[in-house]
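Only a predicted model underlies this, so the values are computations on that prediction, with no experimental measurement involved.
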Protein chains: 2
Amino acid sequence: MMAYTYDHPHPAVTVDVVLFTIRDDDLKALLIQRGQEPFEGSWALPGGFVGIGESLRRAAWRELREETGVHAGYIEQLHTFGRPGRDPRERVITVAYLALLPSDRLEPAPASDAKAAKLFSLKNLPDLAFDHANILRRGHERLKEKLDDSVIALQLLPVAFTHSELRRVYELVLGVTLDKRNFRKKISALDVIEATGEEKRAGPHRPAKLYRAKNPHDVPFR
Amino acid sequence: MMAYTYDHPHPAVTVDVVLFTIRDDDLKALLIQRGQEPFEGSWALPGGFVGIGESLRRAAWRELREETGVHAGYIEQLHTFGRPGRDPRERVITVAYLALLPSDRLEPAPASDAKAAKLFSLKNLPDLAFDHANILRRGHERLKEKLDDSVIALQLLPVAFTHSELRRVYELVLGVTLDKRNFRKKISALDVIEATGEEKRAGPHRPAKLYRAKNPHDVPFR
DNA sequence: GCAAAAGTGTTTGAGGTACACCCATGC
DNA sequence: GCATGGGTGTACCTCAAACACTTTTGC
């Protein structure tokens, strides 16, 4: 067993990932069931220790992949949580990340030291380990803030999507209902999507036009 | 000499503080001159290692005080910077804080392992150690963002201030000039300041009414 | 009296909100 | 033919931006 020695005490540094997606007409967060103490068996955010030569963002991306099989699309730093005592083992400072992924690119597959990886509706969350409930809440708040002044909603949709689907993202994240016509006007003013020319038939009603992001920069890592 | 041993490598965790104030009709940042390697003699943000049982915010506040003699008023977490190699000694992850203080409550007094502590105009910054130039830039960006949708500007003013002084804070931080009448209307709509009844005489012109924050919560730690 | 900043309203344009009907389809 | 969601336009209101003159003082 290797040992690492320092002349002053060092906290441990972890990353944790709040990943949101939309599935079954619901905003969901990806959680894992811990396979180790502390909090063995509890649900928690995917995350883990930062490698000593690894960037924080890369660690977040790696831990998410290792514990859930999910390759994050969009990912941004959220906040750093370091209250002494938040981890019963030792002083642990965690850098939280917010990640978004369209449901069609997400199939949880528990691995590493997770017993299970599952999507949970925000309306029906289990108790979470550590201070993860708080981190998740902050992730949701950040997502709401960003939705208003950016095209981040495209990160939660497949490559081609209908206007209704886009509007539904806003409604689910913000927890409101939006006027169809006003929403079209707003999106049109942003000038960030364009019709693909295709249509989507989905039931006994007029088919919906499909759209895509105009600027590939709005949908990185795709 | 004590030694601290762990079974996997731990990065060091520091805090760094971007403190802004307004002095001599200019937006200034507080910097220290390093008294130790690495970057001995270089200018840098005040900051240092987080105590093993100390919260991040408290560490930021303490390091600022120890290195510059300044007791921060407003302080909020900015971002965490952890690129491997940003510190030549070892892996160091730093949690940056944004702090604001009215000039009348700030008298830099170098201490601890700083050779000097001084305010620098943002227009005339020296080269900075580590990635501190980048952190400082992010601090300024955050300050600009927050100015628009909060009453944070009050953190940069003395208890009583004139309308012109308040407007000048916005102008200096945002780097624009603002219309006197429109600005009054905007502030009035926010409903966060009230006249003290006093006036300020400052030269061969009509005296200006003095104002203060209505809600003490807008000026915490004062 | 003159120089200097304080103080004060109105007009205009843009953007957000409220609101109702026809269209194309599957069954 | 009917139920279902897709698609469209107008009126109103609020807020941001442009813009000029009078007031009070120190010298």
Quick check: closest heavy atoms across A:T162 and A:A208, and the distance to 0.1 Å?
CG2-CB, 3.7 Å
Between B:E171 and B:R168 (salt bridge meaning N to carboxylate O under 4.0 Å), is one present in this structure?
yes
Within the structure, does a side-chain N or O atom of B:S164 lie under 4.0 Å from either OP1 or OP2 of C:dA5?
no
Rounded to the nearest Å, what distance is computed from the NZ atom of residue A:K209 to the C1' atom of nucleotide D:dT8?
10 Å
To the nearest Å, give me how far apart CG (B:L178) and C1' (C:dG7) are.
17 Å
In whole angstroms, the gap separating C1' of D:dC15 from CZ of B:F183 amounts to 16 Å
Can you name the residues that form a side-chain hydrogen bond (donor to acceptor under 3.5 Å, both in side chains) with A:E76, not counting sequence neighbours?
A:Y74, A:R142, A:K146
Give the minimum heavy-atom separation between A:L156 and A:T21, together with the two atoms involved.
CD2-CA, 3.8 Å
Euclidean distance, atom CZ of residue A:F161 to atom C1' of D:dG6 [Å, nearest integer]
16 Å
More than 12 foreign heavy atoms under 6.0 Å from CZ of A:R58: is that the case here?
no
Closest-nucleotide mapping onto DNA chain C: is A:K180 or B:Y211 further toward the 5' terminus? I mean the 5' end.
B:Y211
What integer distance in Å separates A:E171:CD from D:dG5:C1'?
13 Å
Interatomic distance where CG belongs to A:L210 and C1' belongs to D:dG6 [whole Å]
12 Å
With rounding to the nearest 0.5 angstrom, report the CD1 to CD distance, B:I32 to B:E66.
11.5 Å
For C:dA4, does either OP1 or OP2 sit under 4.0 Å from a side-chain N or O belonging to B:R206?
no
Contacts under 3.5 Å, N or O only, protein and nucleotides 9-15 of chain C:
from, atom 1, to, atom 2, distance (Å)
C:dT10, O4, B:K185, NZ, 3.0

Are A:K118 and A:F120 in a cation-pi contact, defined as NZ or CZ under 6.0 Å from the six-membered ring centre and within 45° of the axis?
yes
Within the side chain of B:E67, is there an N or O that forms a donor-acceptor pair under 3.5 Å with the backbone of B:G47?
yes
The side chain of A:P204 is closest to which nucleotide in this list: D:dT4, C:dC23, D:dT8?
D:dT4
Taking every heavy atom of A:L30 against every heavy atom of A:V70, the minimum-distance pair comes out as CD2-CG2, 3.8 Å
Between atom NE2 in A:H205 and atom C1' in C:dC21, what is the gap in whole Å?
18 Å
Mind calculating the distance between CZ (B:R184) and P (D:dA16) to the nearest angstrom?
18 Å
Kindly state which residues belonging to residues 186-201 of chain A come within less than 4.0 angstrom of DNA chain D, counting heavy atoms of the residue only, listed by number.
none
